[in-house]
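First comes the structure, then the notes that go with it.
Keep in mind that this is a model prediction, so the values were computed, not measured. Chain letters run A, B, ... following the sequence lines, proteins first, then strands; residues in each count from 1. Quick note: numbers below take in every heavy atom, side chains included, and nothing from hydrogens, waters or symmetry partners.
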Amino acid sequence: MTVVAIDGGRGLALCTNGDGRRFTVETALVEPVAIGDVLLVHAGTAIAPGAPA
Amino acid sequence: MRFVDEFRDADLGQVLAGEILSLVEPGRHYKLMEVCGGHTHSIYKYGVDDLLPANVELVHGPGCPVCVIPMGRVDDGIALAHEPGVIFTCFGDMMRVPGSSGSLLDAKADGADIRMVYSPLDALRIAKQNPDREVVFFAIGFETTAPSTALTLKRARIEGVANFSCMCSHVTIVPPLRALLESPDLRLDGFIGPGHVSTIVGARPFEFIPADYGKPVVISGFEPLDILQGVQMILRQLADGRCEVENQYKRVVPYQGNLRALEVMAEVFELRPHFEWRGLGFISHSGLKISDAYAELDAERRFSVPGVRVADPKACQCGEVLKGVIKPWECKVFGTACTPERPIGTCMVSSEGACAAYYNYGRFAREREVV
């Protein structure tokens with residue numbers, strides 16, 4: 001998923017998947033994240049950076 | 001490579017298939033286990049096994065999180081869902097797993113307030129929206145999913161969400177692999193290691209496989225070229241007389257894993273002395289429970305959970321499928337009494353289950369062969 005907005009205070013990011021759907025994602029395990037980063041997300045939590053788009 | 005399409009390139013697939021063919025010894029049969037249900041799904045979806053020589057056999061491992069949940073645990077979940085005032089939340093696949101007298105979906109039809117969520121965070125949001133109700137999250141999955149549950153429990157505590165709790169059924173991947181390697185039923189030549197579990201735990205936990213059992217492990221990604229390259233790397237090790245843990249999925253898996261995830265898991269969970277696996281029985285230190293430090297968020301302490309033990313249906317051979325002893329189509333009820341629409345066994349429920357993957361993608365190829 002790609003990060004489109006960050007709620008740094010709560011450790012959350014708004015991410016979009018390949019279909020354009022948006023999800024709230026927990027980012028504590030991969031911080032820091034930036035808008036445009038691609039994350040591997042599992043069960044609502046980013047577990048690794050850099051999965052292919 | 002940057003885009004998913006590049007990992008599905010047919011020409012590159014043929015090149016890898018040629019390399020695999022050049023590595024196998026004629027007359028030798030190679031049996032490789034793909035540990036993860038995600039691999040099983042990709043293998044059938046993309047026809048990866050069609051590109052392998054006839055003497056390279058892929059067998060399916062115990063790495064589908066839904067498939068390994070025993071019927072008794074489903075019954076426990078249903079009992080909790082029927083508690084007055086409870087909103088019971090779980091992942092979609094889990095709702096269809098049969099218990100001894102129906103699934104969570106059946107219980108929902110009977111009036112229990114059971115809701116599908118995509119993440120534990122969704123369940124926590126439901127709890128915040130319903131402060132007068134008790135919200136229970138049915139947590140399942142391997143080390144890939146466990147950090148998500150752990151972070152949500154920490155968040156629930158920080159945000160003071162007192163009506164949220166978790167029925168923890170998380171499991172760990174190493175104990176069943178050791179159990180399989182000790183099993184006299186199964187002779188394996190190597191393992192396609194689990195990609196996303198390794199994102200969390202790293203490669204080190206699998207070092208016992210080459211060290212103690214002399215089998216190569218290649219942690220692999222989930223695209224067709226990843227899996228083909230994983231097979232090629234295992235066969236290369238065998239041809240060279242090596243056996244070690246290699247990491248094909250370096251673009252996502254660091255050798256040491258995700259240290260933050262391991263830390264949060266160690267804080268929130270502790271190992272159960274033993275945990276029951278569907279078809280595999282009780283395996284020591286293979287399940288996680290919520291630690292004493294987070295006891296107030298443990299649904300099994302907050303409510304009275306029956307702790308039901310139920311034998312698997314006699315017709316269902318999920319256990320043998322999960323151990324790689326039989327192929328899905330060799331099960332007595334595959335595709336007849338047991339289908340994705342009306343599953344008897346868990347392997348037919350989840351898209352990562354070997355039976356569902358084979359039913360959806362592989363059965364037509366096999367039917368062509370038979371004809």
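- Below 4.5 Å, heavy atoms of chain B meet heavy atoms from Arg21(A), all part of residues 14-22 of chain A.
- Ranked by non-hydrogen atom pairs under 4.5 Å with chain A, the options Val264(B), Thr145(B), Ile200(B) are led by Thr145(B).
- Within residues 117-128 of chain B, the residues having any heavy atom less than 4.5 Å from a heavy atom of chain A are, in residue-number order, Tyr118(B), Ser119(B), Pro120(B), Leu121(B), Arg125(B).
- Note on residues 193-204 of chain B: pairs passing side-chain hydrogen bond (donor to acceptor under 3.5 Å, both in side chains), not counting sequence neighbours, are His196(B)-Tyr249(B).
- Chosen from Leu29(A), Thr45(A), Ile47(A), the residue pairing most often with chain B at heavy-atom distances under 4.5 Å is Leu29(A).
- Atoms OG and CD, from Ser148(B) and Glu26(A) in turn, are 7.0 Å apart once rounded to the nearest 0.5 Å.
- Annotation: residues 151-173 of chain B contacts chain A through Leu151(B), Arg155(B) [non-hydrogen atoms, separation under 4.5 Å].
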